[in-house]
Amino acid sequence: MSTNSQISSVSDIPATNLAAQLRVAVGSALLCAFAIAGFLAIYLEAAAFGSEAALFPHMAAALGMTSAAVGLAQALLKASRLRRYRDGSLIPPREEWKDILISFAGPPAYGVAIGVFGYWPASIVGLGALFFVLGERKPLVLVGLTALTLFVIYAVFELIFSIRMPGSLIFDALNRR
Amino acid sequence: MIENLWIGLSAVLAWKQLLIMFLATVAGLMVGVMPGLGPITAMALLIPFTFTMEPLSALLALASISVAANCSGAFSSILLNVPGETSSAATCFDGHPMAKQGKATVAIGLSIGASFFAAVIGVVGVILIAQPLVAVALAFGPPEYFALASIGIALVSCLSAKSVPKGLIMAALGLWLSSIGVDSVIGEPRYTFGLLELQDGINLVPVMVGLFAITEIMEWIRERGTIAALGKLEGSVWGGILETFRHKVALIRSTMVGLLVGLVPGVGAVAASFLSYEVEKRASSTPERFGNGAPEGVIAPEAANNSAICAGLAPALTLGIPGGSTSALLLVALAVHGIRPGPMLFTGQPTLVYGFLVGLIIGAVMFLIVGAMMARTLSLVTLIRAEILAPIFLIISFAGVYADTRSFVAIVIAIIFGIVGCLAKAFEFPPVPLVLGLVLGGLLDTSFNQSLGMSNGDPTIFLTRPLSATLLACALATIIFSIVTRVRGKGRPIEALSHGGEDG
């Protein structure tokens, strides 16, 4: 957010900065377009509610659609101004894909594991696996940190606050049968 | 009044009461820094323990835990860029950059100093203005509440975003999310798609944990390294506390903003923190420092946040109208002990009320000491490598999310909003308006329907009532002003492009 009073032409601005802004503009345009469609669906779905229940969702959807339309126009304008700075870097380099994959897949995979196996088994395996995948190889760190973290969580949540962590949803469903 | 204050002080300064307050302060601090837990969880967990206590002891315990949990919400904003409470979100803007510069202890010191000062002034304000407030608050009806909530949404959407349309998109999304579940007016299910789990609506905690904590964890995994870029801590917490009082003008101005805005039930602390941040930024002769670790950028939101929370007690104690979730739980605690809020509370039970208010000040002093003692230890988290911090924080976050509702659906919601948060961050959509929309959506919905009920369906009621019309005009003016100032800033398009383009 620093000001730069020395800029006198676009050529003074680092190209990487402008390319990054182009990426943001393109992504913003896509998200705004998606938002228009989403809010339209929300508006149409609300038509099935009673008149009093539909009022507020209609208002929210109208606000969302209007703002998204303006945002889309803004983003497209900006992207058209910056299009000459596309440098093929709209897609992240290959070496970053592994970390992107881990960051986007890790939390959902852990969440699924909690549902299938329960919190404690999922956390024992998940914590160790995440340490390993992120590059931590020392056994003492892997085992020790996992044990310490889970002990603290057990002490705080189950012993002090008496909050039992979730068990396996599948196991519970089978038991109920 | 002085005599009642002295009575309250005498009641509080007993070893038993001080010990209860100290333990509650430590508990509040530990709960406040954990993602998914906060002052509401802390107070809700404490209330059953207070059943067997004397009323004053119970209120002092609740006061201490809420002060500590509220103030320590800034710690996770500073250290991890994850607001412990919605009202601590603005503290991330300059607090976390300070942590990245290795000045986490200084930033925590600034937040502690600002919180302490604002809490003391806030309580004094409540003592002085609580009773005169009765007449003013009685003038507020559903149309005015609708207009007030609209101002809160407009303020945060415009001030927290580089682009006003992006802020409003996120606010609209939050408002829609708040409508999921059973309609509060006629009991009709909305957007539940037949799922029982959605009948109660979308809970705030998993959304906040997803948008902030999970998003941050995903970023740590991609960026690696430590939060403190240089790998070491600089400065001291007491240095930060003392520096707070070197910025006297910012401190006093932010506290006053919080006091005034916090008097408005339901809107207070979040809007106050963002408004005071923007006021200080505009008042500064070097606004470019904001967002890069300016001390005023930490002082302003924390002072406004804490004075607003204290100010929110005024309508709660005098009228039984909670200023926010914290005061709502306080009313629950009062009801448990057979105490009815109202205009007669101050004169009918002075020991209790003034003891509670004095207890808030002593709680603030205790937090100053305990928080300063623990600050350096907590700041060490900024020196932990992302490969270690990310998995641990992920496990703790999911535990915190589950603890709030005891439902696996909360974990699913947190994951979904983690992905939403990542996309929002990548393309500069601010997450805070979404959270505020979710928080204020219920108030907007209910007050809108009640207003139409009052006017037999005539929407002009919002314009024919002077107070409501004025407040709605302010909300509209906020949006228009924000757009105009940003468009004018684009008069120098080259600079606008180099800055990353503040759009209209």
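Within every chain, numbering begins at 1; the chains are lettered A, B, ... in the order of the sequence lines, protein sequences first and strands thereafter. Basis for what follows: all heavy atoms, side chains included, without hydrogens, waters or symmetry-related copies.
- Here Glu216(B) pairs with Lys425(B) in a salt bridge; the nearest charged N to carboxylate O distance falls below 4.0 Å.
- Comparing Gly64(A), Ala69(A), Pro108(A) by how many heavy-atom pairs each has under 4.5 Å with chain B, the most go to Pro108(A).
- Between chain B and the options Pro107(A), Gly71(A), Ala122(A), the largest number of non-hydrogen pairs under 4.5 Å is found for Pro107(A).
- Geometrically, Lys281(B) does not engage Phe290(B) in a cation-pi contact defined by less than 6.0 Å to the ring centre and at most 45° from the axis.
- Of the two parts of Leu444(B), the backbone and the side chain both hold a non-hydrogen atom closer than 4.5 Å to a non-hydrogen atom of chain A.
- Contacts between Ile416(B) and chain A at a heavy-atom distance below 4.5 Å are absent for every atom of the residue.
- Contacts between Asp445(B) and chain A at a heavy-atom distance below 4.5 Å involve backbone atoms as well as side-chain atoms.
- The salt bridge (Lys or Arg N to Asp or Glu O under 4.0 Å) search around Arg289(B) returns Glu296(B), not counting sequence neighbours.
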Show me, pair by pair, the donor-acceptor contacts under 3.5 angstrom made by side chains of residues 51-61 of chain A, not counting sequence neighbours?
unit_1	atom_1	unit_2	atom_2	d
His58(A)	ND1	Ala54(A)	O	3.4
His58(A)	NE2	Tyr43(A)	O	3.2

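- Interface with chain A: from residues 169-178 of chain B, residues Ile169(B), Ala172(B), Leu173(B), Leu175(B), Trp176(B), Ser178(B) qualify, criterion being any non-hydrogen pair under 4.5 Å.
- Residue-level contacts of residues 141-149 of chain A with chain B, in order of numbering, are Val141(A), Leu145(A), Thr149(A); threshold 4.5 Å between heavy atoms.
- For a residue to count as touching a neighbouring chain, one of its non-hydrogen atoms must lie under 4.5 Å from one of that chain's; by this rule Ile214(B) touches chain A with the side chain only.
- At a 4.5 Å heavy-atom cutoff, the contact between Ala48(A) and chain B is made by backbone atoms alone.
- Relative ring orientation between Phe146(B) and Phe462(B) is described as tilted, the plane-to-plane angle lying within the 30° to 60° band.
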